[in-house]
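The block underneath contains the structure these notes are about, expressed in structure tokens.
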Amino acid sequence: MEPGLSSFIDLTRALDLEVMLVPKKLVSAVLGLVKAQATPDMHIHAGQPNDKRFARAERLVKKMKHLYGSSADLDRIEDILRFLRRVNLSDQEMQLVRELIARLERYHASAQAGPILHEIAQNLQRLRNSLAHPVPSEPRPAYSLDDGDADA
């Protein structure tokens, strides 16, 4: 016996979930949002050793804000690090983050930190955008005929 729709909805709400109909075009965007908003208790975080690295970088950004005052680049770096901490990164992506964090540590007390902070923020933003808006592996056709559309 299959449950009715109302029973199914009650079951999902009891599990603290929500049923939604999403247009096919927007499925990848919705999945990206869900993945980005996932909390550690929603999934096993693959990058546990990297959490320390992210925490150290976030502390460094807070320290820089305290010493030099807030800036758009520091705010952006802090926000992106918070985002990247929740995302499962590939080895290559994590290597890029490590290099950028090392660079941030190297130049945090330098008089030339301004342009370097801007460059680090731009690189982190590019990585964040590539994760949030992945390029499809194959081009999608402008239209397609499904089996049911042949008589249209």
Side-chain angles (χ1 to χ4, degrees), residues 3 5 8-144 146:
L5 181 60
F8 178 73
I9 291 172
D10 291 339
L11 178 67
T12 60
R13 289 189 177 152
L15 295 171
D16 198 27
L17 300 170
E18 193 61 42
V19 177
M20 270 187 192
L21 298 175
V22 178
K24 282 185 180 182
K25 288 194 269 186
L26 299 176
V27 168
S28 62
V30 171
L31 290 175
L33 288 171
V34 169
K35 186 177 178 182
Q37 295 300 318
T39 58
D41 60 343
M42 288 181 178
H43 66 285
I44 298 170
H45 200 276
Q48 289 297 345
N50 296 321
D51 280 346
K52 290 180 184 177
R53 196 170 272 118
F54 281 111
R56 191 174 72 230
E58 288 172 5
R59 282 193 307 272
L60 179 61
V61 170
K62 285 183 186 197
K63 178 181 173 184
M64 291 174 74
K65 282 181 163 184
H66 180 71
L67 290 173
Y68 307 117
S70 188
S71 74
D73 289 327
L74 284 174
D75 291 341
R76 193 163 44 147
I77 290 170
E78 184 177 39
D79 289 343
I80 295 169
L81 286 173
R82 210 173 304 124
F83 171 84
L84 292 174
R85 186 180 213 172
R86 295 185 307 243
V87 176
N88 290 326
L89 300 172
S90 70
D91 291 339
Q92 183 181 3
E93 293 162 342
M94 194 58 219
Q95 181 60 34
L96 174 63
V97 171
R98 276 190 217 108
E99 290 170 6
L100 293 171
I101 290 173
R103 212 162 159 214
L104 184 66
E105 290 171 342
R106 208 171 323 131
Y107 289 103
H108 79 278
S110 171
Q112 303 163 339
I116 292 170
L117 282 177
H118 185 71
E119 186 180 333
I120 291 170
Q122 283 182 325
N123 286 328
L124 286 172
Q125 184 73 45
R126 270 190 229 104
L127 176 61
R128 181 238 170 257
N129 289 346
S130 71
L131 292 168
H133 310 287
V135 177
S137 58
E138 59 184 51
R140 293 177 31 192
Y143 63 91
S144 66
D146 293 335

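Treat the numbers as computed from the prediction; the structure is a model and nothing was measured.
For the salt bridge (Lys or Arg N to Asp or Glu O under 4.0 Å) test, no residue two or more places apart in sequence or in another chain qualifies with Lys62. Considering only residues two or more places apart in sequence or on other chains, Glu18 meets the side-chain hydrogen bond (donor to acceptor under 3.5 Å, both in side chains) condition with Arg13. Remark: Ser28 pairs with no residue by the side-chain hydrogen bond (donor to acceptor under 3.5 Å, both in side chains) rule, at least two apart or across chains. Qualifying side-chain hydrogen bond (donor to acceptor under 3.5 Å, both in side chains) partners for Glu119, counting only residues two or more places apart in sequence or in other chains: Arg103. Every residue was checked against the salt bridge (Lys or Arg N to Asp or Glu O under 4.0 Å) condition with Glu93, not counting sequence neighbours, and none meets it. Scanning for side-chain contact (heavy atoms from CB on, under 4.5 Å) contacts around Val30 gives Val22, Val34, with sequence neighbours left out. By the salt bridge (Lys or Arg N to Asp or Glu O under 4.0 Å) test, Arg106 is found to be paired with no residue, residues two or more places apart in sequence or in another chain being considered. Among residues two or more places apart in sequence or in another chain, the salt bridge (Lys or Arg N to Asp or Glu O under 4.0 Å) test is passed with Arg76 by Asp73. In terms of the side-chain contact (heavy atoms from CB on, under 4.5 Å) criterion, residue partners of Leu67 (sequence neighbours excluded) are, by chain and number, Lys63.
Put simply, the residue from His133, Arg126, Gln125 that forms a side-chain hydrogen bond (donor to acceptor under 3.5 Å, both in side chains) with Asn129 is Gln125.
Note that the CG atom of Leu131 and the OG atom of Ser90 stand 8.0 Å from one another [nearest 0.5 Å]. To the nearest 0.5 angstrom, Arg56 atom CZ is 4.5 Å from Glu105 atom CD. In this structure, CG in Leu74 is found 9.5 Å from CD1 in Ile120, a value given to the nearest 0.5 Å. Taking CG from Leu127 and CG from Leu89, the interatomic distance works out to 6.5 Å, rounded to the nearest 0.5 Å. In this structure, CG in Leu96 is found 7.0 Å from CG in Leu124, a value given to the nearest 0.5 Å. The line from CZ of Phe54 to CZ of Arg59 is 13.5 Å long, rounded to the nearest 0.5 Å.
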Checking side chain to side chain contact (heavy atoms under 4.5 Å, CB included) for the pair Val61/Leu104: CA distance, chi angles, key distance, verdict? CA-CA 9 Å; Val61 170; Leu104 184 66; 3.9 Å; yes
Check: residues 77-84 side-chain donor-acceptor pairs under 3.5 Å, at least two apart:
{"unit_1": "Glu78", "atom_1": "OE1", "unit_2": "Lys65", "atom_2": "NZ", "d": "2.5"}
{"unit_1": "Asp79", "atom_1": "OD1", "unit_2": "Arg82", "atom_2": "NH1", "d": "3.3"}

